2 protein chains.
Amino acid sequence: MTPFDKGDWKRMMNKSERTIISRRSRPAKDPLSKDLIVRTALEILKNQGLSGLSMRKIAKDLDTGPSSLYVYVKNVQELRAYVLDYGLEKVVLSDNQDGHWKDELFDVLESYQMTLYESPGIAELALTTLPIGPNSLAMIEYILQRLHAGGIHSTSAAWGVDQLFIYATSVAFEQASRKQDGTAMDSLYVSYQSVDAREYPIISSLKEELFSGEQERFRWGLEVILQGMLQMQK
Amino acid sequence: MTPFDKGDWKRMMNKSERTIISRRSRPAKDPLSKDLIVRTALEILKNQGLSGLSMRKIAKDLDTGPSSLYVYVKNVQELRAYVLDYGLEKVVLSDNQDGHWKDELFDVLESYQMTLYESPGIAELALTTLPIGPNSLAMIEYILQRLHAGGIHSTSAAWGVDQLFIYATSVAFEQASRKQDGTAMDSLYVSYQSVDAREYPIISSLKEELFSGEQERFRWGLEVILQGMLQMQK
DNA sequence: ACCTGAACACCGTTCAAGT
DNA sequence: ACCTGAACACCGTTCAAGT
């Protein structure tokens, strides 16, 4: 029995579904379950960001008190790990037979990056929370498989998949906070625009390039990592 | 006048020092200043991590109420940005004339990574807070200069420095949380050890490699990025 | 086994009032 | 100009008491 067998997960998430039928007297209020809690939490995360996600708000949305959640979840950190994996459900792992390994590799990473970009809260979560759960595992396995097809094996592949994730996650977070807040990234940009050219000559000369590029920049970064890994194998 | 001229910064950080002398009646209690607040905050961050850093605790350590801090700092987010730059003060930018660009590049990134590793709170901060301030700027300028010496210019350099920082920061954060908590990283390791070999064959076969390597792994990652950038220029 | 209320020990930020 | 106290609107987690 493994902790991440998909059946296990499903069973884990729906722990209390068996008992619904016997509760005929109060059909209006859904009974709690880990699955329901995580789905509610993800909804809040999408709408209000990571700082807006709290046990108390989840409880309120579920029309109960915060203490009720602790039957299904050990603490807020554990909840976040579940929410992250749940949020990665929509990352596309396309699997057509004649796809080229490199295209598929870049596509899945772009899909991952887009998923995070679309809900900045998930991006923030991905940055600080270790990837646990079936969706994360499926992605990692998929990427390792494509790297393998491209001739990158064993330690290089193991370390490389981490590096690719780090990069995609950080870029998504950066771009997401750029679109959302506005202020934080904008004020940084303004600062660089007026940097002292004698003290920081190269920064000053590259002040535009340092902030340029979106998807083109992301693809360039992936290419850098991949080319680097191939180069290191020689 | 530029926002990050070093003189400006010093003046900014010591705003109220001029007025000390006139306060002869209460010499026991230091008057507040941005510099004092940021230094106190950094001390708390080092000892108690990012979650232990709060306006209220800083105020308590300074023997005042939390509202007093808002004279010197707009909000907690701004304070964090200052604290981060202050925490990067000890990163070594060695500048001997006959140093090789690549050695110097790797050394400064390793020094950065070590600084974050030694206080996990700073690593956590670096992950989510944009680098503002003279220490961050000096590091970026230094790295751009070494990349330039290595033949990496303009857009490649501008995008590359970002990529190098992302990598160093993430590795430091990962390694720091591994040493501190124990639990989060350990439970992930245990999970991977018992992953279903039929469902995730490659993960299963690489379960050791996925967690192996420390400084060796970090250097490998830097080499990957650098080799990739050089390759992309051809 | 699950749910609830109340409590404990915290947060960031504001604002009127003082010097 | 700076500092203070008190208040407002929040947090995560625990625990005895209920069903």
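Side-chain atoms are counted along with the backbone in the values below, which use heavy atoms only and exclude waters and symmetry mates. Each chain gets a letter, A, B and so on, in the order the sequences are listed, and its residues count up from 1. Keep in mind that this is a model prediction, so the values were computed, not measured.
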- Beyond-backbone contact of A:Lys207 with A:Tyr200, side-chain heavy atoms, under 4.5 angstrom: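 A side-chain contact under 4.5 Å is absent here.
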Length of the line joining [X]:[atom1] and [N]:[atom2], which is rounded to integer Å:
X       : N      : atom1 : atom2 : result
A:Leu62 : C:dC2  : CG    : P     : 16 Å
B:Leu36 : D:dC2  : CG    : P     : 14 Å
A:Lys34 : C:dA1  : NZ    : C1'   : 16 Å
A:Ile58 : D:dC11 : CD1   : P     : 10 Å

- Task: Evaluate side chain to side chain contact (heavy atoms under 4.5 Å, CB included) for B:Leu116 paired with B:Gln113, printing each intermediate quantity in order.
- Result: CA-CA 5 Å; B:Leu116 299 194; B:Gln113 185 252 356; 5.9 Å; no
- Give B:Lys60 one of three labels, base, sugar-phosphate or nothing, depending on what nucleic acid heavy atoms sit under 4.0 Å from its own. nothing
- How is B:Ser68 classified with respect to the nucleic acid when contacts are heavy atoms under 4.0 Å: base, sugar-phosphate, or nothing? base
For residues 161-173 of chain B, run the donor-acceptor check on the side chains, cut-off 3.5 Å, and write out each pair with its distance to 0.1 Å, sequence neighbours left out.
residue	atom	partner	partner atom	Å
B:Gln163	NE2	A:Gly221	O	3.1
B:Tyr167	OH	B:Arg217	O	3.3
B:Thr169	OG1	B:Tyr112	OH	2.7
B:Thr169	OG1	B:Phe165	O	2.7
B:Ser170	OG	B:Ile166	O	3.0

- Could you measure between the two C1' atoms, the one in D:dC2 and the one in C:dA17, and give it in whole Å? 13 Å
- Message: Taking C:dA9 as the reference, what is the distance to D:dA9 when you measure between their P atoms (whole Å, please)?
- Response: 23 Å
Distance-only check: which donor-acceptor pairs under 3.5 Å involve side-chain atoms of residues 126-138 of chain B, not counting sequence neighbours?
residue	atom	partner	partner atom	Å
B:Thr128	OG1	B:Glu124	O	3.3
B:Thr129	OG1	B:Leu125	O	3.1
B:Asn135	ND2	B:Asp85	O	2.9
B:Asn135	ND2	B:Asp85	OD2	3.3
B:Ser136	OG	B:Asp85	OD1	2.6

- Message: Judged by each residue's nearest nucleotide on DNA chain D, which is more toward the 5′ side, A:Gly52 or B:Gly65?
- Response: B:Gly65
- Query: Excluding sequence neighbours, so at least two apart, what forms ring-ring contact (aromatic ring centres under 6.0 Å, His included) with A:Tyr189?
  - Reply: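 Per chain and number, A:Tyr189 pairs via ring-ring contact (aromatic ring centres under 6.0 Å, His included) with A:Phe211.
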- Under 3.5 Å, side chain of A:Ser204 to main-chain N/O of A:Pro201, donor-acceptor pair present?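 Pair absent, no side-chain N/O of A:Ser204 close to backbone of A:Pro201.
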- Item | Side-chain donor/acceptor of B:Ser119 to backbone N/O of B:Ile122, under 3.5 Å | no
- Counting primed atoms, P, OP1 and OP2 as sugar-phosphate and everything else as base, the B/S/- map of nucleotides 13-19 of chain C against protein heavy atoms under 4.0 Å is BBB----
- Should stems be defined as at least three consecutive Watson-Crick or G-U pairs with both distances under 3.5 angstrom, which of them involve DNA chain D?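 As far as DNA chain D goes, consecutive pairing (with distances under 3.5 Å) yields the stems C:4-8 with D:12-16, C:12-16 with D:4-8.
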- N-O pairing of B:Lys46 and B:Glu118 below 4.0 Å: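 So B:Lys46 does not pair with B:Glu118 through a salt bridge.
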- Item | Where at least one partner belongs to residues 167-180 of chain A, residue pairs that pass salt bridge (Lys or Arg N to Asp or Glu O under 4.0 Å), sequence neighbours excluded |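 Of all non-adjacent pairs touching residues 167-180 of chain A, those that pass salt bridge (Lys or Arg N to Asp or Glu O under 4.0 Å) are A:Arg178-A:Glu214.
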- Query: Can you check whether B:Thr64 has a side-chain N or O nearer than 4.0 Å to OP1 or OP2 of D:dC3?
  - Reply: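 Checking D:dC3 against B:Thr64, no side-chain N or O comes under 4.0 Å of OP1 or OP2.
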